Amino acid sequence: MQRHRHDEFLRFLNTIEAAVPAGKLIHVILDNYCTHKHPKVRAWLARHPRWIFHFTPTSASWMNAVEGFFSALTRRRLKRGSFSGIVDLQAAINRYIAEHNDRPKPFVWTKPAAAILDAVNGNAAPSE
């Protein structure tokens with residue numbers, strides 16, 4: 001089984017670093033998992049100024065879009081699939097992502113950013 005520790009995360013960051021052309025900023029949206037805040041990851045980030053980490057709030061409503069993507073992946077590619085192993089499963093996921101990216105559709109916010117930030121900060125207006 002693959003592990004998800006800071007060493008693996010650093011390998012992932014280095015892979016992305018090598019793949020993205022120099023001079024481009026790289027914004028990464030992360031949850032608050034301790035691996036993403038490990039001292040070695042923070043040191044790596046300090047040495048790579050074009051990288052900007054954005055940590056999600058604990059109950060971020062926009063994560064519904066991410067959950068929707070994984071739900072579609074599960075329904076359309078994985079649910080009744082038969083996979084001979086991890087590599088086969090990863091290949092199916094990668095094919096789905098490639099097909100999905102061939103016809104991208106932007107996520108459209110349905111709530112103003114100020115209302116979301118107010119809710120996160122505990123200043124939500126009472127419902128009518």
Side-chain angles (χ1 to χ4, degrees):
M1 174 175 219
Q2 291 181 341
R3 297 177 181 222
H4 299 284
R5 297 185 187 167
H6 71 275
D7 290 329
E8 290 82 12
F9 185 54
L10 288 170
R11 278 197 293 279
F12 170 75
L13 295 177
N14 285 322
T15 300
I16 301 301
E17 174 68 19
V20 175
K24 294 209 178 249
L25 288 177
I26 302 172
H27 291 266
V28 184
I29 301 171
L30 302 162
D31 60 14
N32 286 294
Y33 189 50
C34 62
T35 295
H36 303 146
K37 296 181 174 185
H38 189 277
K40 288 184 180 180
V41 172
R42 290 179 187 260
W44 185 94
L45 188 59
R47 293 189 310 272
H48 295 83
R50 72 181 184 144
W51 285 74
I52 302 164
F53 283 7
H54 303 276
F55 292 96
T56 62
T58 305
S59 57
S61 64
W62 63 268
M63 288 298 287
N64 291 336
V66 175
E67 291 170 355
F69 174 81
F70 283 108
S71 174
L73 165 67
T74 301
R75 282 189 325 273
R76 296 177 183 160
R77 184 59 52 91
L78 305 178
K79 192 169 187 176
R80 288 184 257 293
S82 176
F83 309 101
S84 60
I86 297 286
V87 173
D88 190 27
L89 173 62
Q90 289 173 330
I93 292 169
N94 288 333
R95 279 192 307 275
Y96 178 83
I97 292 170
E99 292 163 8
H100 179 80
N101 287 342
D102 283 343
R103 47 187 199 294
K105 294 178 187 161
F107 179 78
V108 179
W109 293 100
T110 58
K111 190 175 237 188
I116 295 169
L117 292 173
D118 283 344
V120 169
N121 294 323
N123 301 325
S127 17
E128 299 177 30

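Predicted model only: the values in this text are computed from it and were never measured.
- How far CG of Leu25 is from CD1 of Ile52: 5.0 Å, rounded to the nearest 0.5 Å.
- Sparse packing is recorded around CZ of Phe12, with 12 or fewer heavy atoms of other residues, nucleotides or ligands lying under 6.0 Å away.
- For the atom pair CD (Glu99) and CG (Asp102), the distance works out to 7.5 Å, reported to the nearest 0.5 Å.
- You'll find the side chain of Tyr96 stays beyond 4.5 Å of the side chain of Thr74, heavy atoms only.
- The side-chain heavy atoms of Leu78 and Leu89, taken from C-beta on, include a pair separated by under 4.5 Å.
- Residues Phe53 and Val20 are members of one and the same hydrophobic cluster, defined by side-chain heavy-atom contacts under 4.5 angstrom among Ile, Leu, Val, Met, Phe, Trp and Tyr.
- Between the NE2 atom of His36 and the CZ atom of Arg42 there is a distance of 12.0 Å, given to the nearest 0.5 Å.
- Put simply, CZ on Phe70 and CD1 on Ile93 are 8.5 Å apart, with the number rounded to the nearest 0.5 Å.
- Around NZ of Lys40, the count of heavy atoms belonging to other residues, nucleotides or ligands within 6.0 Å does not exceed 12.
- Note on Val66 and Leu30: separate hydrophobic clusters, where clusters join Ile, Leu, Val, Met, Phe, Trp and Tyr whose side-chain heavy atoms are under 4.5 Å apart, directly or indirectly.
- Nearest heavy atoms, Arg5 versus Thr35: C-CG2, 3.4 Å.
- Legend: residues meeting side chain to side chain donor-acceptor pair (under 3.5 Å) with Asp7, ordered by chain and number and at least two apart, are absent.
- The side-chain heavy atoms of Arg95 and Arg77, taken from C-beta on, include a pair separated by under 4.5 Å.
- Taking the six-membered ring for Trp and thresholds of 30 and 60 degrees, Trp51 and Trp44 have ring planes more than 60 degrees apart, a perpendicular arrangement.
- In this structure, His38 and Phe9 have side chains that are not in contact, with every pair of non-hydrogen atoms separated by 4.5 Å or more.
- Salt-bridge check for Glu8 with Arg11: passed, with a basic side-chain N closer than 4.0 Å to an acidic carboxylate O.
- The side chain to side chain donor-acceptor pair (under 3.5 Å) test applied to Arg50 returns Glu17, not counting sequence neighbours.
- Residues that satisfy the side chain to side chain donor-acceptor pair (under 3.5 Å) test with Arg47, not counting sequence neighbours, are absent from this structure.
- Atom NZ of Lys37 and atom CG of Leu45 lie 12.0 Å apart (nearest 0.5 Å).
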